[in-house]
Amino acid sequence: MFYQSVVRPLLFRWDPENVHHFTMALLQNPLLAALATLGSTIQNSSLRRTIFGIDFPNPVGLAAGFDKNALLLPVWEKFGFGHAEIGTVTLHGQEGNPKPRIFRIPEAQAIINRMGFPNEGADRIAQRLEGYKSNGNWPKIPVGINIGKSKVTPLEEAPGDYLGSFQRLERYADYVAINVSSPNTPGLRSLQTKESLSRILEPIQKANSRTLPILVKIAPDLSAEEIDVVLETMEQFHCAGIIATNTTLDKSSVPLKEEGGLSGAPVREKSTAIIRSIAQKTGGRFPIIGVGGIQFPEEAQEKLAAGASLVQLYTGFIYQGPHSVKRILTQL
Ligand SMILES: Cc1cc2nc3c(=O)[nH]c(=O)nc-3n(C[C@H](O)[C@H](O)[C@H](O)COP(=O)(O)O)c2cc1C
């Protein structure tokens with residue numbers, strides 16, 4: 001409650017992206033990280049699960065986008081997360097879209113963002129990950145690496161761009177998520193068609209010597225037919241699972257109409273409906289990571305009941321604070 005009544009009102013006075021960088025910088029200090037996460041973890045063997053061959057200490061993970069450059073990779077488990085998905089990483093380092101590019105909508109417990117994948121690029125991030133391995137700071141929780149297309153790479157050359165990131169980063173990942181669903185890189189969502197997705201997945205699976213689980217992250221705005229095509233393509237290329245969903249372009253339920261993707265409470269039902277329909281269609285063949293609008297324990301439970309094997313949160317973590325993961329896990 002301290003977070004909601006004192007910390008959040010203070011943080012929400014500032015520009016959202018500045019707050020993000022400020023808190024990320026504070027948390028890189030081990031003492032401050034220890035203080036901020038005090039009492040946040042929970043160990044209970046009943047929360048463990050093995051999904052696509054990986055052991056997760058609990059089903060609640062950090063969604064992609066929060067730690068694009070893996071700056072806090074050793075810290076996320078201290079917040080109680082059972083896995084962390086870093087990225088989106090692109091082959092070439094890039095600045096992303098002009099600022100401002102994150103907008104809060106507190107009355108709707110939502111965010112609109114049009115970040116456009118600002119990140120240091122696959123080589124630099126691989127070096128950072130190597131550093132964590134070599135100096136003993138590698139986390140105990142599984143690490144997902146989410147990869148996307150660099151803005152400078154034309155859409156028709158997307159397969160080589162994804163493959164380049166995959167080759168540089170695969171050795172650090174417990175799973176790799178192929179992001180074809182961000183609304184903020186022009187044309188990226190068009191890569192969710194059968195032909196485009198096949199051209200990306202085929203070379204990645206050829207290069208995938210460790211048979212690392214490959215997941216595809218989809219948009220909540222796909223039609224049922226489009227989802228069927230994604231599932232068919234994933235099956236053809238032996239993907240391990242699906243992440244549903246990214247942010248939505250549908251802003252009909254919120255007063256702010258900034259360009260970008262909407263996340264948080266307004267996307268919750270849409271994302272849960274997609275999870276339910278995928279689970280019914282596939283009969284559990286594809287484990288699902290459910291993400292979209294989870295803030296409270298019942299909402300995580302709702303996604304798991306709909307057929308998700310794991311869940312993730314981003315916006316809910318901002319609105320509900322550092323103890324939100326523990327609150328969810330306690331109820332689960
Ligand atoms: C500011 C912001 C940046 C994001 N960046 C990424 C990203 O780089 N890659 C990605 O796959 N998803 C990204 N997402 C989407 C989240 O991972 C998640 O799929 C979406 O926000 C729905 O979950 P939520 O309602 O819990 O936030 C971003 C979301 C936000 C709010």
Side-chain angles (χ1 to χ4, degrees), residues 1-4 33-34 36-64 66-67 72-86 137-146 173-175 177 212-213 215 217 240-245 265 268-269 271-280 282-332:
M1 285 305 118
F2 180 70
Y3 177 82
Q4 283 90 333
T37 60
L38 203 64
S40 292
T41 53
I42 175 168
Q43 308 285 346
N44 190 318
S45 57
S46 67
L47 291 169
R48 294 192 163 277
R49 45 195 68 193
T50 304
I51 315 289
F52 32 80
I54 302 171
D55 292 327
F56 292 83
N58 72 60
V60 181
L62 178 75
F66 208 101
D67 193 3
L72 289 183
L73 190 61
V75 175
W76 298 118
E77 62 192 21
K78 300 190 171 76
F79 282 103
F81 285 112
H83 71 279
E85 188 171 311
I86 62 159
N137 280 326
W138 194 259
K140 288 187 200 74
I141 56 172
V143 173
I145 302 185
N146 178 307
D174 290 294
Y175 72 83
L212 191 66
L215 281 71
K217 183 164 179 179
I242 187 159
I243 307 180
T245 66
R268 196 189 95 228
E269 281 180 13
S271 129
T272 305
I274 289 184
I275 292 164
R276 187 172 297 115
S277 110
I278 295 174
Q280 280 165 358
T282 60
R285 252 187 347 272
F286 285 122
I288 303 165
I289 301 185
V291 49
I294 298 175
Q295 299 196 74
F296 302 111
E298 309 75 56
E299 296 163 349
Q301 192 63 61
E302 174 189 80
K303 292 265 192 291
L304 295 168
S309 300
L310 303 168
V311 295
Q312 295 178 335
L313 51 158
Y314 187 138
T315 307
F317 190 56
I318 291 177
Y319 278 95
Q320 302 309 324
H323 288 102
S324 47
V325 182
K326 184 177 183 180
R327 238 171 273 136
I328 293 173
L329 293 177
T330 306
Q331 287 248 346
L332 291 181

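All values derive from a computational prediction rather than experimental measurement.
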Could you check whether any side-chain N or O of [X] sits under 3.5 Å from a backbone N or O of [Y], counting only pairs where one atom can act as donor and the other as acceptor?
| X | Y | result |
| --- | --- | --- |
| R48 | S45 | no |
| D67 | E85 | no |
| E77 | K140 | yes |
| N146 | I86 | no |

For a 4.5 angstrom cut-off between non-hydrogen side-chain atoms, does [X] reach [Y]?
| X | Y | result |
| --- | --- | --- |
| K326 | T41 | no |
| S40 | L38 | no |
| E302 | R268 | yes |
| T37 | P322 | no |
| L313 | L62 | no |
| V60 | Q312 | no |
| V325 | I42 | no |
| L47 | P57 | no |

- Can L332 and L304 be said to form a side chain to side chain contact (heavy atoms under 4.5 Å, CB included), step by step? CA-CA 10 Å; L332 291 181; L304 295 168; 3.8 Å; yes
Quick check: closest heavy atoms across [X] and [Y], and the distance to 0.1 Å?
| X | Y | value |
| --- | --- | --- |
| H83 | I289 | NE2-CD1, 4.5 Å |
| T272 | A306 | CG2-CB, 3.8 Å |
| L329 | G80 | CD1-O, 3.5 Å |
| L212 | A173 | CD1-O, 3.1 Å |
| A244 | I278 | CB-CD1, 4.4 Å |
| I275 | V291 | CD1-N, 4.3 Å |

First locate atom [atom1] of [X], then atom [atom2] of [Y], and finally report the distance between them rounded to the nearest 0.5 Å.
| X | Y | atom1 | atom2 | value |
| --- | --- | --- | --- | --- |
| I242 | S309 | CD1 | OG | 12.0 Å |
| I328 | I294 | CD1 | CD1 | 6.5 Å |
| I145 | L215 | CD1 | CG | 13.0 Å |
| I274 | I288 | CD1 | CD1 | 10.5 Å |

- Query: Does a donor on one side chain and an acceptor on the other come within less than 3.5 Å for Q301 and Q331?
  - Reply: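 Short answer, no.
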- Residues S271 and K303: side-chain donor-acceptor under 3.5 angstrom: yes
- Query: Can you check side chain to side chain contact (heavy atoms under 4.5 Å, CB included) on N137 and L73, steps first, answer last?
  - Reply: CA-CA 9 Å; N137 280 326; L73 190 61; over 6 Å; no
- Task: Assign the ring pair F81 / W76 to parallel, tilted or perpendicular, where the plane angle (0 to 90°) is split at 30° and 60°.
- Result: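 Because their plane-to-plane angle is over 60°, the rings of F81 and W76 count as perpendicular.
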- Relative to the ring of F56, is the ring of Y175 parallel (under 30°), tilted (30 to 60°) or perpendicular (over 60°)?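 Plane angle between 30° and 60°, so tilted.
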- Message: Less than 6.0 angstrom separating the ring centers of F286 and F52, yes or no?
- Response: no
- Item | Trace of the side chain to side chain contact (heavy atoms under 4.5 Å, CB included) decision for Q320 with F296 | CA-CA 8 Å; Q320 302 309 324; F296 302 111; 3.4 Å; yes
- E269 atom CD, neighbour heavy-atom count above 12 within 6.0 Å: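 Check fails, neighbour count at 12 or below.
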